[in-house]
Amino acid sequence: MSARDRINEQLQAYYDGELHGLARWRVERRLARDPAARQELLAFEETGRLLREVEGEQAAPDLWETIRLRLPALDAQRAELEEAAGLARSRLWALSPWVGVGVGVAAAVLALAIGVEWGDASVPGSVRWIDSGGKPLMVLQDDSQATIIWVIEGETGDLSGRSGRAVI
Amino acid sequence: MRSSSRRRRWLVASLVAALPLAGPVVAQDSRPIEFDVTVVQVSSGKGGVEASARAQRVDRIIGQQIKYESLKVLDFRRRQVQLNQIGSVTLPGGKRFRFRPMDLSDEGVLVAVDVERSARGDFRIPRRKPFVFGGQRYRDGQLVILLEPNY
């Protein structure tokens with residue numbers, strides 16, 4: 001860890017109110033004489049402000065039903081079969097390895113088109129809201145084991161999932 | 001003049017530091033929630049999965065969904081964060097991973113997550129269920145961040 005990393009960590013702890021006594025005084029002394037440290041602290045505040053804005057937003061309407069209608073037929077058929085079988089499990093989507101990647105890519109494209117808000121906040125592990133800043137993203141898994149979100153940055157490898165897995 | 005400028009900078013810094021205290025804190029529960037944050041790098045380069053138990057566990061969690069040739073743990077942090085407070089970890093490369101628990105219920109903890117210059121979102125994470133956020137480029141591979149609430 002570099003000296004700058006250590007300073008940033010101290011600033012982060014200071015911003016989070018975790019420092020007391022001498023440690024807090026030392027950070028404040030640094031802030032007084034180090035413009036870069038002050039800039040870093042302002043960056044923390046900006047991120048905090050964005051997070052508070054997120055908190056202040058109204059709860060998103062449940063768009064899942066709308067999205068499901070626009071997903072590939074394969075997923076719709078699967079959902080119908082589950083409903084017919086009385087499997088009223090409240091999952092964002094059921095993911096086999098093959099279907100998962102396909103549905104994920106479709107959902108990512110769809111999500112980008114509609115501004116990326118989905119999910120039912122009452123469902124454990126459900127994605128309630130995502131903003132990837134225009135970058136494609138995939139929800140590779142969202143079940144009882146884990147939730148895996150993958151943001152695709154720059155050039156990627158094979159995301160078609162020939163092996164049932166996303167290839168980085 | 002210089003002294004006045006310095007006092008002003010102190011004032012700004014102090015105000016900035018005090019802002020979180022002035023925020024709309026909803027005191028649902030004052031007890032902090034413990035979060036484990038694990039940062040790993042996966043890549044298509046040779047190397048295999050690191051032998052550590054932590055790396056092996058991450059491999060079991062993501063290996064079925066992501067194909068890679070090597071995986072190594074870069075960092076592990078444990079954070080105690082109260083509701084509506086912000087926990088943070090500086091990622092390798094300097095970006096920050098920040099998270100803010102907003103609500104705790106039987107279904108899990110609702111967390112706002114922000115990966116600097118990458119993505120952000122709100123997620124309901126059940127107890128001991130890993131939340132995985134990946135894809136950020138780092139050196140010859142990509143970062144994967146696991147966030148796990150232990151409460």
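When reading the values below, keep in mind they use all heavy atoms of this one structure, side chains included, and skip hydrogens, waters and symmetry mates. Letters A, B, ... are given to chains in the order of the sequence lines, protein chains preceding strands, and every chain is numbered from 1.
Of the atoms belonging to B/Val89, not a single heavy atom falls under 4.5 Å from chain A. Within the 4.5 angstrom heavy-atom criterion, only side-chain atoms of B/Arg96, from C-beta onward, approach chain A. Residue contact with chain B, scored on non-hydrogen atoms closer than 4.5 Å, involves the backbone of A/Gln145 exclusively.
Using modelled atom types and a 3.5 Å distance limit, the side chains of A/Asn8 and A/Gln12 yield no donor-acceptor pair.
Note on ring orientation: taking the six-membered ring where Trp is involved, the planes of B/Phe131 and B/Phe123 are tilted (angle from 30° to 60°).
Ionic pairing of B/Arg57 and B/Glu148 is present here: one or more N-O contacts between side-chain nitrogen and carboxylate oxygen are shorter than 4.0 angstrom.
Of the candidates B/Ile62, B/Ile66, B/Val132, A/Leu140 forms a side chain to side chain contact (heavy atoms under 4.5 Å, CB included) with just one, namely B/Ile66.
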